[in-house]
Amino acid sequence: MNTTARIWDREQECLSRDALESLQLERLQHTLQRVYQHVPCYQNKFKTIGLQPQDIRQLGDLKHLPFTTKEDLRLNYPYGMFAVPMRDVVRIHSSSGTTGKPTVVGYTRNDIRVWSQLVARFMTAAGVTNDDIVHIAFGYGLFTGAFGLHYGSEEIGASVIPISSGNTDKQIMIMQDYRSTALVCTPSYALTLADRMEKIGVSPDSLALRVGLFGGEPWTEEMRREIEQRLGLLATDNYGLSEVMGPGVAGECQYQCGMHIFEDHFIAEIIDPESGEVLPAGAEGELVLTSITKEAFPIIRYRTRDITRLDYTTCACGRTHVRMLKTYGRSDDMLIIKGVNVFPTQIEEVLFQVEGCEPHYQLVVDRVGNLDTLEVQVEVNESIFFDEMKKQREFVDLLQKRLLSTLGVGAKVKLVEPSSITRHEGKAQRVIDRRKEKS
Ligand code: DLL
């Protein structure tokens with residue numbers, strides 16, 4: 001039996017805005033009651049501003065509630081934000097944060113069920129069915145990526161290959177031999193696979209891949225086209241964060257025009273990251289998420305730090321849930337170079353448009369005297385490396401000019417040899433900020 005009809009939950013995914021909003025309000029009110037009763041951090045925050053859960057009478061009142069930040073989670077490390085006793089928690093994950101203590105999140109049995117359904121939802125929207133063989137190359141562990149996609153695939157009834165991360169040659173052999181049809185990993189690892197295949201002479205035609213479910217880090221449209229062309233698949237984007245659930249918060253359908261946020265389970269707002277004010281529909285700003293069905297770890301107005309825009313126009317697929325556009329990345333990933341805000345993805349966009357650049361780059365930020373410097377190290381293909389010096393200089397000039405006009409601040413470009421930039425099996429680490437060592 002093809003289970004698509006069950007996973008493609010038309011009733012919930014195509015609700016009218018009115019019906020959706022009344023469902024959201026009901027679920028929000030219930031969640032607020034629960035956190036007020038069971039999570040001291042929320043109770044204290046609400047009391048400080050003199051607010052009771054019953055004061056939230058319409059969705060518009062949500063803006064009166066305080067934000068939750070990563071700092072709140074750190075202060076309540078490890079289990080202080082849980083709304084159920086530990087005996088009801090069946091799984092623990094944590095964030096992939098590189099600084100300080102990670103944040104810890106928990107799931108009840110029902111949370112795991114909902115999580116699996118939501119991952120199954122976006123996988124279905126991307127075209128995965130029970131006929132697919134899903135190759136999961138995320139690392140299994142505390143990171144939510146692998147388990148989320150694993151349970152979602154099983155919910156669909158697809159055949160899961162839990163290969164985990166690493167050992168790229170083995171990944172390629174398994175994809176070939178086991179006829180994997182759906183690839184799950186970070187977009188940067190998809191490119192690493194493509195590079196390696198090229199190097200060892202494996203053509204994408206010898207694989208059975210047809211769809212990619214990529215997420216966990218920011219990537220550009222240019223990178224999407226490159227992956228699609230080199231792996232011969234439809235590359236879709238999906239978004240989530242461990243604090244809110246993991247993957248399964250939002251995902252693209254086959255029309256690739258933004259990720260549907262599963263609004264029957266989450267409320268999305270866009271705020272001005274400076275003032276905290278809620279911005280009007282369509283404006284660009286920081287995404288703030290509230291969970292309205294989670295049991296173990298409900299989260300109210302969580303500041304994701306991810307910068308995006310919401311698109312409420314109708315999607316060709318028929319789903320009514322709002323779409324978030326590709327995020328440039330976290331506002332914490334934003335570099336401030338001589339006072340100008342720069343996102344690594346803006347640099348990626350420029351590099352990908354210039355013939356000769358390979359899709360691997362690294363940014364080195366430093367401070368010389370009082371001045372910030374930005375160096376863009378980019379791999380270039382052999383032809384440029386071996387060409388005469390004059391041509392190399394012209395190539396560097398061209399890149400520097402384009403970067404200056406896109407970013408509004410100068411960057412020095414350094415061409416490096418193919419394969420010289422460190423590859424990561426999970427999320428790419430693009431920035432080395434030497435200013436941090438100096439401050
Ligand atoms: O990365 C959850 C996830 C796993 C999502 C696998 C999708 C696939 P964290 O490790 O907590 O959780 O990191 C969350 O990663 O706030 C974004 O900054 C970034 N991120 C995740 N997905 C995307 C995406 C997982 N599709 C943080 N585009 C988020 C851009 C993304 N950034």
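Residue numbers start at 1 and run along the sequence shown. Atoms within each ligand, like the ligands themselves, are counted from 1 in listed order. FYI, side chains are in, hydrogens and waters are out, and symmetry mates aren't considered; it's all heavy atoms of this structure.
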* Give a yes/no verdict on a cation-pi contact between Arg91 and Trp115, requiring under 6.0 Å between NZ or CZ and the six-membered ring centre and an angle within 45° of the axis. => no
* Asked: Which of the atoms in ligand 1, numbered in the order shown and given with their element, are less than 4.0 Å from a heavy-atom of Phe138?
  -> 6 (C), 8 (C)
* Kindly state each residue pair satisfying salt bridge (charged side-chain N to carboxylate O under 4.0 Å, His left out) with at least one member in residues 168-190, sequence neighbours excluded. => Asp169-Arg196
* Residues Glu425 and Gln171: side-chain donor-acceptor under 3.5 angstrom -> no
* ligand 1 versus Lys427: contacting region, heavy-atom distance under 4.0 Å -> side chain
* Output the list of atoms in ligand 1 that are nearer than 4.0 Å to some heavy atom of Gly145, sorted by atom number. => 4 (C), 6 (C)
* Asked: Do Arg323 and Asp311 meet the salt-bridge criterion of a basic N to acidic O distance under 4.0 Å?
  -> yes
* Asked: Contact between Phe214 and ligand 1, counting heavy atoms under 4.0 Å?
  -> no
* Structure fact -> Quick note, salt bridge (charged side-chain N to carboxylate O under 4.0 Å, His left out) partners involving residues 230-252, not counting sequence neighbours, are Lys70-Glu243, Asp195-Arg230, Glu198-Arg230, Arg224-Glu252, Glu226-Arg230, Asp237-Lys326
* **Those atoms of ligand 1 less than 4.0 Å from some heavy atom in Thr144** => 2 (C)
* **ligand 1 to Arg330 polar contact by distance, N or O atoms, under 3.5 Å** => yes
* Of the listed options Leu241, Leu149, Val184, Leu142, closest to atom 14 (C) of ligand 1 (non-hydrogen atoms) -> Leu241
* Asked: Any N or O of Met259 that comes nearer than 3.5 Å to an N or O of ligand 1?
  -> no
* Asked: Can you tell which of Thr327, Asn238, Thr103 gets a heavy atom nearest to atom 8 (C) of ligand 1?
  -> Asn238
* Asked: What do the steps show when you test Tyr302 against Thr69 for side chain to side chain donor-acceptor pair (under 3.5 Å), and what is the final call?
  -> CA-CA 6 Å; Tyr302 186 64; Thr69 63; over 6 Å; no
